[in-house]
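All values derive from a computational prediction rather than experimental measurement.
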Amino acid sequence: MFDFVRKHTRLLQFLLALLIVPSFILVGVQGYTSFTDGANATVAKVDGQAITQAEWDAAHQRQIERIRSQMPTVDLKLLDTPEMKRRTLEQLVQERVLSTAAQKLHLQASDQQLVNALNTMPDLAPLRGPDGRLDREQYKALLQAQGMTPEIFEARVRQDLAQRQVLFGIGESTVAPMTLVRSSLDAFLQQRQVQVQRFDTQAFLSQVNPTDAQVQAYYDKPANQAQFRAPEQASIEYVVLDLAALGAGVAVNEQELRDHYEQNKSRFGTPEERHAAHILVAADKSAPAAERDKARAKAQSLLEQARKNPAAFADLAKQHSDDPGSKANGGDLGFFSREAMVKPFSDAAFALKPGEISDVVESDFGFHVIKLLEVRGGQVKPFEEVRATIEADVKRQLAQRRYAEAAEQFSNLVYEQADTLQPVVERLKLEKRTAVVQRQPQPGAQGPLASPKLLEAVFQSDTLNSKRNTEAVELGNNTLVSARVVQHTPARVLPLAEVKDQVRQRVAIEQASELARKAGAERLKALQQNPAQAEGLGDLLTVSRRDPAGLPREVVESVLKASPSPLPSVFGVDLGQAGYTVVRLAKVEPPTFQPAEAESARASYAQAFAAAEAQAYLEALKRRYKVEVKAPAAAAADATASAAAQ
């Protein structure tokens, strides 16, 4: 077939032209360009500049990839929802607004700001050597893996720094006087002294004894039926294809293991590191030859002095080295790996023995004289000690190579022989597992049984009714799963005979809580008629939102909402099936601040106020630069946010 294509290329081109040209005539060019119209559609505008559907999609995809890198097992359906897409568009609009503001306000990031930002980035920390220098090759490789060059990445960092400057002044200029902090937080930190008398349902249970007729009436009441429903569930059998399953069936011979050990010895030991000092005579690689020759001659002279008196090496470095990072320490560079230094320097340092001084070494920075001080690491664990680890690694690698082919077989088999999982079990040597599942993952569920994606496939009507295999469901991390329903049990109300004890207990609690409520109401009425009758009330408690003093939330909220005058006052709090509480409010106290608490409150208030002001300023910038959101769901949310800000 392919030979025919190669031999008749011109003929095929002519036939394609016959097919394509008439289609243009009949359908028109518009039919083809319509494919790109959706991607070019404007979903928002900032200062007249469009944000297209393609930009929105790309930004959302980047957001998904970021989340997946942090949580590899997350269900993609949770990330690809209208709400998540709306948030992505909001973030995209905000970035465009800040970028426009930075440009209009002529805000830029200096070279020093860029350097400082790169020096403090956690992601770049592993790329630095002991001397703090960034390994440029690793830096380029890291960015290349993300589809960027250093120039593109650093331009984005500059842009981000410029955007931050737009809101920086808002946050830094926020003032939070202590009087304002106190008045704002008074409602949250105010303390009140109360006495309470509790009428707990449990204390009245011994006074009730529901009859069979009351139990039947409670069970028959439609509003109570949901309490006694058994959820829909399915008994399933399922198979999982992952690297562990493929690796279990892989046999590895002894020679393969030993070859892997020899090829990866560095992984099974401590990397060798060198502790050295150096004297640098700086000379730029682009400097004239005469200048470099002069620097080389100086380095040679320093080498001769160092070899005559090795003990004075540190003093020579302090006096003559051009390396500002190590000069003050006598040229000491600490311990470093072979990859941490430029190649000529590393080659020379790793060829020395402790105490030896190298010849003059030329690098892009100039000319070095190196003295090796110590060597550590480099020991490799014997083969037998790491054999199990090597075998697991080799099996995993072989399984990884086989996964693509096995995944295709898995998908085909569960689809083509949809009434049974046995063929895929036998072909790929997989384990058939069983479980009882519901439409939502149950507490403690793990692996495939915790995947909403698989459960959704299990409870599709075709899977339930025809007992056919689900399609191969991808769970991420090289994992496929397929399930088949063995038995389906719809949701149903359990018969009274099965839940009679449970119903009787519910009726008893209902009756006991009514007795507690009645007793509490009578006590409240007596107190209101005679506030001095304090019998049964507990000791004074100091209650606040920070310290509820062990009281239920409903009681605390009622205490703090109660009018502070006149005092004392009494009121009741109905706790439903938990009972009833009578409260006597005796005193209202303003919040007290310890010095440390006051400063912490001031900082928290200032931070919250700064965030609110920054958001308000951002909304003002949106109006200034005429933000228009055209995507329906996002536009509605944006209008709501703008109205709230106004």
How far does [atom1] of [X] sit from [atom2] of [Y], to the nearest 0.5 angstrom?
X      : Y      : atom1 : atom2 : answer
Ser482 : Ile236 : OG    : CD1   : 9.5 Å
Lys500 : Gln216 : NZ    : CD    : 8.0 Å
Leu92  : His60  : CG    : NE2   : 12.0 Å
Tyr625 : Gln103 : OH    : CD    : 9.5 Å
Thr463 : Glu456 : OG1   : CD    : 10.5 Å
Tyr580 : Leu524 : OH    : CG    : 5.0 Å

Between [X] and [Y] (side chain of the first, backbone of the second, donor and acceptor by atom type, cut-off under 3.5 Å), is there such a pair?
X      : Y      : value
Arg192 : Ala562 : yes
Asp539 : Gln195 : no
Asp574 : Gly576 : yes
Glu55  : Thr52  : yes
Asp242 : Ala245 : yes
Ser451 : Gly447 : no
Gln214 : Thr211 : yes
Ser563 : Ser565 : yes
Arg158 : Ala109 : yes
Ser99  : Glu95  : no

Knowing that exactly one of Leu527, Val194, Val196 qualifies, which makes a side-chain contact (heavy atoms from CB on, under 4.5 Å) with Leu537?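 When Leu527, Val194, Val196 are each tested with Leu537, the side-chain contact (heavy atoms from CB on, under 4.5 Å) holds only for Leu527.
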Name the orientation class of the two ring planes belonging to Phe228 and Tyr218 (parallel below 30°, tilted from 30 to 60°, perpendicular beyond 60°). perpendicular
Flag side-chain contact, heavy atom, 4.5 Å: [X] against [Y]:
X      : Y      : value
Arg229 : Leu494 : no
Glu589 : Gln193 : yes
Leu480 : Leu475 : no
Gln94  : Glu90  : no
Leu421 : Glu237 : yes
Glu232 : Gln438 : no
Phe459 : Leu464 : yes
Val437 : Leu455 : yes

For Val629 and Val627: C-alpha separation, side-chain torsions, deciding distance, then whether side chain to side chain contact (heavy atoms under 4.5 Å, CB included) applies. CA-CA 7 Å; Val629 181; Val627 170; 4.0 Å; yes
Please test Lys85 against Glu83 for salt bridge (charged side-chain N to carboxylate O under 4.0 Å, His left out), starting from the C-alpha separation and ending with a verdict. CA-CA 5 Å; Lys85 289 181 178 179; Glu83 173 65 17; over 6 Å; no
Going through the checks in order, is the salt bridge (charged side-chain N to carboxylate O under 4.0 Å, His left out) test met by Arg517 and Glu514? CA-CA 5 Å; Arg517 190 178 301 109; Glu514 182 60 33; 2.5 Å; yes
Passes side chain to side chain contact (heavy atoms under 4.5 Å, CB included), Tyr238 versus Leu449? Steps please. CA-CA 10 Å; Tyr238 66 103; Leu449 301 182; 3.9 Å; yes
Stepwise, does the salt bridge (charged side-chain N to carboxylate O under 4.0 Å, His left out) test hold for Arg164 with Asp160? CA-CA 6 Å; Arg164 291 183 191 178; Asp160 181 60; 2.9 Å; yes
One pair to check against side chain to side chain contact (heavy atoms under 4.5 Å, CB included): Arg484 and Arg468. What are the steps and the verdict? CA-CA 6 Å; Arg484 177 176 171 272; Arg468 297 173 67 85; over 6 Å; no
Set out, in order, the CA-CA distance, both residues' side-chain angles and the distance that settles side chain to side chain contact (heavy atoms under 4.5 Å, CB included) for Asp547 and Thr542, then state yes or no. CA-CA 8 Å; Asp547 182 9; Thr542 300; over 6 Å; no
Given salt bridge (charged side-chain N to carboxylate O under 4.0 Å, His left out), test Lys525 with Glu522 step by step and report yes or no. CA-CA 5 Å; Lys525 184 177 180 181; Glu522 291 175 354; over 6 Å; no
Heavy-atom count check: over 12 atoms from other residues, nucleotides or ligands less than 6.0 Å from Glu474 CD?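 Count not over threshold, so no.
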For atom CG of Asp501, is the number of surrounding heavy atoms from other residues, nucleotides or ligands below 6.0 Å larger than 12? no
Are side-chain N/O atoms of Arg96 and Gln49 paired as donor and acceptor at under 3.5 Å? no
